[in-house]
Amino acid sequence: MIIIVMGVSGSGKTTIGKLLADSLDWEFSDADSFHSPENVEKMRCAIPLSEADRMPWLQDLQTAIKHWLQENKNVVLACSALKDSYRQFLVLDSERIKLVYLKGSYELIQMRLQERSNHYMSDKLLDSQFYTLEEPLDALCIDVAQPPQIIVQNIRTALEI
């Protein structure tokens, strides 16, 4: 199974994804590591990515997902997956790929981004992230205001894993 933990920057994708993967003894992967250096630099400079910027990134993610499915790997992938079209591109098998949407208020996410250090994603891009976000209708929706351990347990319970 592949669990895609999605949401805007600052929603806790990496934190929750790592905790979830550790609790299941699964592999963890962060979609941020698939970005080109040019994309990372744009985000560091608070320049939103274009669709053309995102396409090679999405293609690389899709290739990785195909590989994981072929190898029957259990993976938790932290990935923004903000648009429905991105999710459709990545969810190649709805039986074996599950979406978990980490949902939080603008104010909570903004506070988290402002407190965060050593990350290229600027809080100046938060408006762009929320503007781009197309909330999924087919995902497990989790309130990110809860403590991380509770979030992980809620995910495991809901997905029965």
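Applying the salt bridge (charged side-chain N to carboxylate O under 4.0 Å, His left out) test to Lys42 and every residue at least two apart in sequence or in another chain returns Asp53. Remark: Ala78 engages Lys13, Thr14, Phe28, Asp30 in a side-chain contact (heavy atoms from CB on, under 4.5 Å) (not counting sequence neighbours). In terms of the salt bridge (charged side-chain N to carboxylate O under 4.0 Å, His left out) criterion, residue partners of Lys83 (sequence neighbours excluded) are, by chain and number, Glu51. A search for side-chain contact (heavy atoms from CB on, under 4.5 Å) contacts involving Gln59 returns Met55, Phe89, not counting sequence neighbours.
A donor-acceptor pair under 3.5 Å is absent between the side-chain atoms of Gln129 and the main chain of Val8, judged by distance alone. In this structure, the side chain of Arg156 engages the main chain of Ser23 through a donor-acceptor pair within 3.5 Å. Looking only at distances, a side-chain donor or acceptor of Trp57 sits under 3.5 Å from a matching main-chain atom of Ala31.
Here the straight-line distance linking atom OG of Ser50 with atom CG of Asn39 works out to 8.0 Å at 0.5 Å rounding. Between atom OG of residue Ser94 and atom CD of residue Gln88 there is a gap of 11.5 Å, rounded to the nearest 0.5 Å.
The side-chain contact (heavy atoms from CB on, under 4.5 Å) test with Leu159 is passed by exactly one of Asn154, Ile3, Leu20: Ile3.
At a threshold of 4.5 Å between non-hydrogen side-chain atoms, the residues His67 and Thr63 do not count as touching. Ile97 places none of its side-chain heavy atoms less than 4.5 Å from the side chain of Trp68. Counting heavy atoms from C-beta outward, Arg112 and Val144 have side chains that approach closer than 4.5 Å. In this structure, the side chains of Ile109 and Phe130 come closer than 4.5 Å at one or more pairs of heavy atoms. Counting heavy atoms from C-beta on, the side chains of Ile16 and Ile155 come closer than 4.5 Å. At least one side-chain heavy atom of Ile65 sits under 4.5 Å from a side-chain heavy atom of Leu77. Counting only heavy atoms from C-beta outward, the side chains of Ser80 and Tyr86 never approach each other to under 4.5 Å. Between Ile151 and Leu102 the shortest side-chain heavy-atom distance falls below 4.5 Å.
Between the side chains of Arg96 and Asn72, at least one donor-acceptor pair of N or O atoms lies under 3.5 Å.
Leu108 and Ile150 are not part of a single hydrophobic cluster, where members link through side-chain heavy atoms under 4.5 Å apart.
The salt bridge (charged side-chain N to carboxylate O under 4.0 Å, His left out) contacts involving residues 56-82 comprise Glu27-Lys73, Glu71-Lys73, where partners must be two or more places apart or lie in separate chains. Sequence neighbours left out, the pairs with a member in residues 135-150 that pass salt bridge (charged side-chain N to carboxylate O under 4.0 Å, His left out) are Lys103-Glu135.
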